[in-house]
Amino acid sequence: MFLSFVEKTKLPVFVVVFLFFAGSEGIAEDRGDAFVVGSISDARTLLPIIASDSASQDVCSMIFNGLVKYDKNLDLVGDLAQSWEVKEGGLVLVFHLRRNVSWQDGRPFTAKDVEFTYRQLINPSVRTPYSGDFERIKTLEALDDYTIRVTYKELFAPALSSWGMFIIPKHILEKQDLNSSTFQRKPVGTGPYVFKKWKSQNYIELLSSNTYFEKVPFISRYITRVIPDESTMFLELETEGLDAAGISALQYKRQTDTDFFKKKYYKFRLPSFSYLYLGYNLERGLFKDRRVREALNYAVNKQELIDMVLLGYGSIANGPFVPQSWAYDAQFPPAAFNQAKARSLLNDAGWKDDNFDGILEKDAVSFEFSILTNQGNEERIKAAQIIQKRLKEVGVRVKIKVVEWSVFLTEIINKRDFDAVLLGWSLSRDPDNFDIWHSSKIKPGEFNFIGYRNKEVDELLVQARKTFDQEKRKNCYFKINKLIYRDQPCMFLYVADNLFVVHKRFRNIEPGPSGIWHNFIYWWVPNVEQKYRSKSAIVP
Amino acid sequence: MLTYIARRLAGSIPIILGITMISFAIIHLVPGKPTSAESALNPKVSLQVRERIEKLYGLDKPIHVQYLEWTRRLLKLDFGRSFSDGRPVIEKITERLPVTVGINVLSMFFIFIVAIPLGVKSARSSGSWFDTSATFFVFLFFAAPTFWVALLLMQLFCITLGWLPISGITSLDFEYFTFSQKVIDIVRHLALPVFVSCITGLAAVSRYMRTSMREALQQPYIYTARAKGLPERTVLYKHAFRNAILPIITILGLSIPGLIGGSVIFESIFALPGIGRLFYEAVMMRDYPLIMAEVVLGALLTMAGNLIADIGYAYVDPRIRYAKKVS
């Protein structure tokens with residue numbers, strides 16, 4: 001398993017080396033110390049059903065549990081649910097909950113809490129962004145204190161993974177308005193860490209829970225420090241003020257290539273669950289002809305983008321799925337860089353340079369369009385510039401416009417006022433991408449804003465989300481991938497790697513397809529190397 | 001004097017209303033809607049959900065209705081709740097104020113105690129080696145980008161020398177410290193940010209001081225004072241200085257609203273939880289209640305600053321008297 005993982009993700013060899021070290025040392029497993037992780041932005045709220053940003057979700061994941069979770073290999077396993085049954089072909093899910101779980105205030109966790117969480121998720125006055133998956137539920141009944149029966153209106157394959165949603169305590173929140181509850185700043189969960197303190201834009205501190213059902217974590221304190229500046233973050237690493245932080249490609253390649261860093265930090269490089277693409281406005285005449293879109297794809301060198309923008313830390317996207325997902329077709333080759341082919345395809349489509357100005361024309365109109373992207377993302381701007389240069393070589397003139405995010409969304413995306421947009425999609429662990437590609441999702445504000453319509457893809461998307469058998473579902477996604485790539489509704493660019501470092505005093509780190517956090521409660525630091533004073537949480 | 005102050009205060013009410021009305025209109029006219037960066041293009045968050053959330057914010061009502069509701073709440077001193085996390089706006093601002101105001105007061109204090117003598121000395125020995133180098137350095141620091149100066153100093157004091165912590169305002173083991181350790185910890189954390197904001201802010205005050213002191217020193221009454229044999233100290237500080245200080249009082253008054261203002265870049269570099277980042281993020285997310293609260297706060301302090309400057313004038317300059325009203 002481990003080898004196949006290394007092959008799959010092309011992890012550098014040093015990870016293999018340190019793992020053997022870590023393994024041979026795993027005897028003492030001392031408790032104590034703190035884990036200090038740097039974050040660019042502060043959490044917004046620690047009420048998980050309202051939290052939509054990754055900073056909030058990261059902290060919530062230490063405090064709360066869902067019924068199910070993804071393990072190291074991205075397989076769904078039980079979390080608060082001991083086991084589950086899929087009945088009636090997938091229409092009914094029955095969860096059997098763990099019996100030894102208590103909330104961090106000492107009250108037992110029961111099916112009532114699950115039912116309460118569900119009621120809040122579908123309550124229209126609660127400001128939750130997650131209601132979509134739960135509105136597909138016809139009924140949810142607590143059969144007894146430890147059994148939940150969920151009946152869906154129709155077959156919905158992502159249903160099981162949607163129960164990774166963190167469960168919130170009924171006895172605390174029952175009589176509160178969730179939108180303004182103080183629980184947002186003072187959460188109580190069932191997870192391995194107990195909330196201690198939150199200083200806005202400064203840090204959030206959690207303490208290990210003595211009552212966690214799986215085991216008491218070895219590391220006593222978990223602290224997220226907010227450091228909004230990339231350079232400051234790096235200086236903090238240089239003085240060991242942080243134990244873990246995400247770093248940029250340049251920092252990964254050059255600035256961490258020092259003896260100090262090699263001695264003190266593990267470097268990790270894992271593919272992200274997102275991809276960058278150039279989406280065309282398919283309503284506009286310019287992009288109606290598939291040959292034109294294919295030609296543009298041939299004209300841009302994706303490997304060059306990766307080398308220049310990411311300094312090589314990424315892989316070429318071959319469609320709307322990412323390498324870490326089971327729906328990814330590793331055998332499917334993305335189109336090679338071939339400008340001659342691009343030119344001939346454009347010629348076939350009627351675009352010729354009649355006035356010899358270096359730009360193609362058709363019916364006396366030059367081939368030019370603008371690429372829009374959002375402000376504040378240097379990578380995207382650089383990528384746009386490289387694409388601009390490559391397209392110019394085949395006779396296409398590109399202008400680049402950079403727009404502030406909120407305006408970008410309301411004026412450009414929602415009104416579909418663009419030729420092409422350079423954007424990324426962050427994907428959920430479940431590969432269902434109905435909302436991005438189905439032709440019914442093209443209303444203003446919906447996600448198929450490029451206007452992609454393909455009946456065959458529509459049918460496969462519906463079929464895939466109704467298929468519970470993973471192998472059969474995977475086949476649907478492989479077909480979808482081929483069809484979408486053939487249609488080229490957008491130019492698939494790359495999947496960037498997440499680059500980050502973790503301090504070497506932490507033992508027992510096990511990288512896997514899901515990243516490194518899956519076994520965090522088993523990480524430990526030998527007594528002699530411990531750095532921070534610590535106390536575990538006192539549970540009432 | 002009291003009637004003057006009362007008149008000024010009464011006159012400021014329509015100004016405040018005008019400011020809020022214009023600001024409210026402007027921030028609503030700006031394209032874009034309240035969005036949280038992450039949920040906006042998250043395929044898991046459907047259109048219906050986002051529309052429902054907008055409705056919960058009351059954004060579906062016409063703008064004048066929204067403004068009236070906002071002013072009605074303001075009269076009860078209720079600034080509403082932030083769109084981003086549902087917390088009361090006042091709470092979000094007050095938790096950030098101590099850091100921003102603290103650093104600003106400290107750096108203003110140091111700026112004044114360094115810049116005023118610097119300006120006086122420069123004025124007295126105008127054109128000398130001291131004057132030229134003082135001019136050179138204050139302008140050098142004024143022109144240098146804050147983030148660059150900050151990063152260089154961090155590299156020196158925090159990494160090469162290892163004397164100071166890089167960012168934040170307290171250590172992570174702060175709560176285990178004794179009282180004196182806590183004080184030292186905060187001083188160590190604040191040293192660099194206060195120092196950086198001081199040296200980059202010296203220019204204005206020292207230059208004003210120099211100019212007006214030079215001017216004062218050329219006045220006939222200084223010749224008179226010197227001619228009648230007053231000690232140089234008295235000539236400088238009693239006669240010249242008191243006349244030269246007027247523009248400085250204006251600066252002081254005008255910097256009062258600046259006390260709650262923080263620079264985004266400065267706060268980001270030092271990872272300080274200040275007002276600057278709060279306001280910046282509010283604008284980026286179109287968090288209307290939070291933006292409006294900051295606008296009102298800024299307007300109030302600007303007017304208070306003007307008032308204080310005017311009263312300060314009357315105090316130091318006997319020629320200025322406000323109380324007499326021609327009737």
Side-chain angles (χ1 to χ4, degrees), chain A residues 34 36 41-42 44-45 50 52-54 124-125 127-133 179-181 184-185 199-203 205 221 223 225-229 231-233 235-236 238-239 241 404-411 413 423 425-428 433-436 443-447 532-533, chain B residues 30-53 56-57 81 84-88 92 95-96 99 147 150-151 154-155 158-159 162 165-170 172-173 175-176 264-265 267-274 277-278 281 284-286:
Chain A
V36 185
S41 52
D42 196 8
R44 300 236 173 84
T45 166
I50 289 183
S52 59
D53 56 305
S54 59
S125 63
R127 236 179 256 153
T128 173
Y130 302 111
S131 54
D133 286 349
N179 295 331
S180 58
S181 166
Q184 293 200 33
R185 307 269 307 173
K199 296 265 186 199
S200 295
Q201 292 291 339
N202 195 350
Y203 67 91
E205 181 173 355
R221 292 159 78 197
I223 297 165
R225 276 192 66 190
V226 183
I227 298 174
D229 185 83
S231 320
T232 311
M233 187 93 93
L235 290 177
E236 284 285 2
E238 285 200 302
T239 51
E404 187 242 3
W405 183 244
S406 179
V407 177
F408 189 78
L409 290 176
T410 51
E411 302 299 307
I413 297 293
L423 279 176
W425 277 124
S426 283
L427 304 176
S428 54
N433 51 10
F434 181 91
D435 288 287
I436 300 176
K443 283 195 273 310
E446 292 190 312
F447 297 114
Y532 296 96
R533 282 181 254 185
Chain B
V30 171
K33 268 193 253 174
T35 34
S36 85
E38 294 83 2
S39 71
L41 268 190
N42 180 347
K44 284 271 154 205
V45 184
S46 69
L47 173 65
Q48 292 74 18
V49 171
R50 274 175 292 138
E51 279 172 351
R52 211 185 63 208
I53 290 175
L56 290 176
Y57 288 146
R81 282 172 183 275
S84 79
D85 55 11
R87 293 172 68 206
K92 289 188 79 164
E95 84 183 358
R96 302 293 187 87
V99 174
F147 75 91
L151 285 175
M154 280 179 185
Q155 181 73 43
C158 314
I159 296 189
I166 290 170
S167 63
I169 41 173
T170 53
L172 291 169
D173 281 333
E175 62 182 294
Y176 301 106
V264 182
I265 296 170
E267 286 175 8
S268 301
I269 280 280
F270 288 107
L272 298 169
R277 269 159 67 204
L278 181 71
E281 276 158 24
M284 283 316 190
M285 287 180 52
R286 308 289 192 273

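So that the names make sense, note that chain A is the first sequence line, chain B the second, and so on, each numbered from 1.
Atom CG of D173(B) sits about 10.0 Å away from atom OG1 of T170(B), to the nearest 0.5 Å. Here the OH atom belonging to Y203(A) is positioned 8.5 Å from the CD1 atom belonging to I169(B), to the nearest 0.5 angstrom. Atoms CE and CD1, on M233(A) and I166(B) in that order, are 12.0 Å from each other to the nearest 0.5 Å. In this structure, I269(B) CD1 and I227(A) CD1 are separated by 11.0 Å, a value rounded to the nearest 0.5 Å.
Top candidate by heavy-atom pairs under 4.5 Å with chain B, chosen from S181(A), G241(A), S180(A), S231(A), is S180(A). The residue among V226(A), T45(A), N202(A) with the most heavy atom pairs within less than 4.5 Å of chain B is N202(A). Of the listed residues (E95(B), R277(B), M154(B), R81(B)), the greatest number of heavy-atom pairs within a distance under 4.5 Å of chain A belongs to R277(B). Between chain B and the options I223(A), T239(A), D42(A), heavy-atom pairs under 4.5 Å are most frequent for T239(A). The most heavy-atom pairs under 4.5 Å with chain B, out of E446(A), K199(A), R225(A), come from R225(A). Top candidate by heavy-atom pairs under 4.5 Å with chain A, chosen from S268(B), A271(B), G274(B), is S268(B). When the candidates N179(A), I50(A), V407(A), V36(A) are compared by the number of heavy-atom contacts under 4.5 Å with chain B, V407(A) comes out ahead.
Contact annotation for L235(A): both backbone and side-chain heavy atoms come within less than 4.5 Å of a heavy atom of chain B. With a threshold of 4.5 angstrom between heavy atoms, E236(A) approaches chain B through its backbone and through its side chain.
In this structure, S200(A) and R185(A) have side chains that are in contact, with non-hydrogen atoms separated by less than 4.5 Å.
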Report the C-alpha distance between R96(B) and E267(B) in whole Å, list the side-chain angles of each, state the deciding distance to 0.1 Å, and finish with yes or no for side-chain contact (heavy atoms from CB on, under 4.5 Å).
CA-CA 11 Å; R96(B) 302 293 187 87; E267(B) 286 175 8; 5.7 Å; no
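Ion pair E281(B)/R44(A) not flagged as a salt bridge, since none of the NZ, NE, NH1 or NH2 atoms sits closer than 4.0 Å to an Asp/Glu carboxylate oxygen.
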